[in-house]
Amino acid sequence: MRIDISALFPFEEKELICPVSYKGGRLKGHRVAEAPEFLLRITHLKDRMFQFSGEGSITLSFSCDRCLKEVLHKIPFSIDRKADITARTDEDGEEVFFFPDDQSVDADLLIEDEVLLNLPVRILCREDCKGLCPVCGADLNKGPCGCSRREPGGALQEALIKALKDSDLASGTTSV
Ligand SMILES: [Zn+2]
Ligand SMILES: [Zn+2]
């Protein structure tokens, strides 16, 4: 979403409050399920140095790390950045969210930067998700599949089988 801020250029400490929302359909490959509008405060400090602030949230679609089911996850973010529109860099000298016309801001990029910092490391559809059976691929949340019907203590057995398989793969031999 493009915001023209050239009207602020002649004034110092002048502020613009803009309703914005993320307009891209995807963010870092994740489908955007919800991108509610929030208020972005843009202040021209002086000499085309701007301050951006605001708080919002975005809901993205992820896949559960264990069973691959779609999980919608809301990510709150808070914007508080300074940037120079002439140099097109932020306070750390990084190139940022301005359009090459030197007059406008790309609010999508501004939002994206914050969301990327807050992306979850791990997504589960629920804390105790049982995942998929590694053998037949069945969703174990819907009940046990044939191959998972091993006796208690099966975890150790599974670990042994896996270790065997791995060593077979590594040595290129097949076990009997
Ligand atoms: Zn799951
Ligand atoms: Zn199975």
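As the structure lists them, so they are numbered: ligands from 1, and atoms in each ligand from 1. Here, residue 1 is the first one in the sequence, and each next residue gets the next number.
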Do the ring planes of Phe52 and Phe98 sit parallel (below 30°), tilted (30 to 60°) or perpendicular (above 60°)?
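Judged by the thresholds at 30° and 60°, the geometry between Phe52 and Phe98 is tilted.
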
Short question: side chain of [X], backbone of [Y] - any donor-acceptor pair under 3.5 Å?
| X | Y | answer |
| --- | --- | --- |
| Asp106 | Phe97 | no |
| Asp108 | Met1 | yes |
| Asn141 | Cys129 | no |

Hydrophobic clusters join Ile, Leu, Val, Met, Phe, Trp and Tyr when side-chain heavy atoms are under 4.5 Å apart, directly or via other members; which others share one with Leu132?
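Its cluster partners, ordered by chain and number, are Leu68.
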
Within rounding of 10°, what is the angle whose vertex is the Zn ion (ligand 2) and whose arms end at SG of Cys145 and SG of Cys133?
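Nearest ten degrees: 100°.
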
Round to 10° and report the angle made at the Zn ion (ligand 2) by SG of Cys136 and SG of Cys147.
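It is 120°, given to the nearest 10°.
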
Passing candidate, side chain to side chain donor-acceptor pair (under 3.5 Å) with Glu15, options His44, Arg41, Gln51:
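Result for side chain to side chain donor-acceptor pair (under 3.5 Å) with Glu15: Arg41.
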
Neighbouring protein N, O or S atoms of the Zn ion (ligand 1) [cut-off: under 2.8 Å, no waters]
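The answer is Cys64 SG, Cys67 SG, Cys125 SG, Cys129 SG.
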
Note: Glu127-Arg122 ion pair, threshold 4.0 Å (strictly below):
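Salt bridge present between Glu127 and Arg122.
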
